[in-house]
Amino acid sequence: MHAQTVMTRAPEPAAKSAAKPVQEPAQDQIRQLLQQARHALATDPADAERCIAVAVRLLPQIDAASKSFAPPPAPTLQRGGLAPWQVLRVKALVEARLADRVTSAELAAAARLSPSHFSRAFRASFGDAPKTYVNRRRIARSKDMMLASGDSLAAIALACGLSDQAHFCRMFRRFEGQSPSVWRRLRGGAHEAAWPLVAAE
């Protein structure tokens, strides 16, 4: 019986190691101490308690190590929104197809979602319905073109996927509160060779 007690007693160096840097990972020492405590419970409860006490004193070392080497927090996704890869694919498809017709079904297929699920997730991520977002991007591109080129409003309308100049003027006014020709003049954009008068403006 005495020999068993000696075998299960927590070694003195381990008990003193709480005040000194440990030579082996704290997790391994704690695991060994808990195993010794489990074997000692039946023969020497006091020895088991000493093992547990030493293990408890080693716990702060694990907390400190985990804080030092913790990876940066993962970016939080808006609940119910699109995943980052889906956002990138949808944006890329919209920008590539601004001059053409792009449907919500095509965008949903790019995100590998059903149309109904896609519409809800898209609104959660972008704050707009897919059609509104596409039109907003068309207006943004038209503004870049009006400032950088001397293209006519009719040519810009077609380049941005709008059916004609009248359609372009109506949509631009809806988003910007003024006609594209007025917006262009106020910002000193490149002038057209001729500024046709359009009834929609």
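Just so we're clear, the structure is a prediction, and the values are computed from it rather than from any experiment.
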(Q) Does L147 form a side-chain contact (heavy atoms from CB on, under 4.5 Å) with W183? I'd like the steps, not just the answer. (A) CA-CA 10 Å; L147 294 177; W183 185 94; 3.8 Å; yes
**Q.** Pairs where residues 85-108 contributes a residue and the test ring pair (Phe, Tyr, Trp, His ring centres under 6.0 Å) is met, not counting sequence neighbours
**A.** none
Heavy-atom pair of closest approach, residues [X] and [Y]:
X    : Y    : value
S104 : P130 : OG-CB, 3.6 Å
Q178 : F172 : O-CD2, 3.2 Å
L158 : S163 : CD2-O, 3.5 Å
P115 : A108 : CA-CB, 4.0 Å
V94  : L107 : CG2-CD2, 3.8 Å
L82  : L113 : CD2-CD1, 3.6 Å

Got a donor-acceptor contact below 3.5 angstrom from the [X] side chain to the [Y] backbone?
X    : Y    : answer
R138 : L98  : yes
Q86  : A111 : yes
E95  : A92  : no

Could you list the residues that satisfy side-chain hydrogen bond (donor to acceptor under 3.5 Å, both in side chains) with [X], not counting sequence neighbours?
X    : result
D144 : none
R141 : none
R120 : none
E106 : R97, T103

(Q) Run the side-chain contact (heavy atoms from CB on, under 4.5 Å) test on C160 and S142 for me, step by step, so that the C-alpha distance in whole Å, both residues' side-chain angles and the decisive distance to 0.1 Å come before the verdict. (A) CA-CA 6 Å; C160 294; S142 76; 3.8 Å; yes
Q) Hey, what's the ring geometry for F122 with F126, parallel, tilted or perpendicular (30° and 60° as the breaks)? A) parallel
**Q.** Residues R123, D128: salt bridge by 4.0 Å N-O rule
**A.** no
Q) salt bridge (Lys or Arg N to Asp or Glu O under 4.0 Å): which pairs involve residues 83-94, sequence neighbours left out? A) none
(Q) Please evaluate residues K143 and E176 with respect to the criterion side-chain contact (heavy atoms from CB on, under 4.5 Å), reporting the C-alpha separation (whole Å), side-chain torsions for both, the decisive distance (0.1 Å), and the verdict. (A) CA-CA 10 Å; K143 291 195 287 188; E176 298 297 326; 3.0 Å; yes
**Q.** Distance (rounded to the nearest 0.5 Å) between S181 OG and Q165 CD
**A.** 8.0 Å
(Q) Within this structure, what is the CE-OG distance for the pair M146 and S152, rounded to the nearest 0.5 Å? (A) 11.5 Å
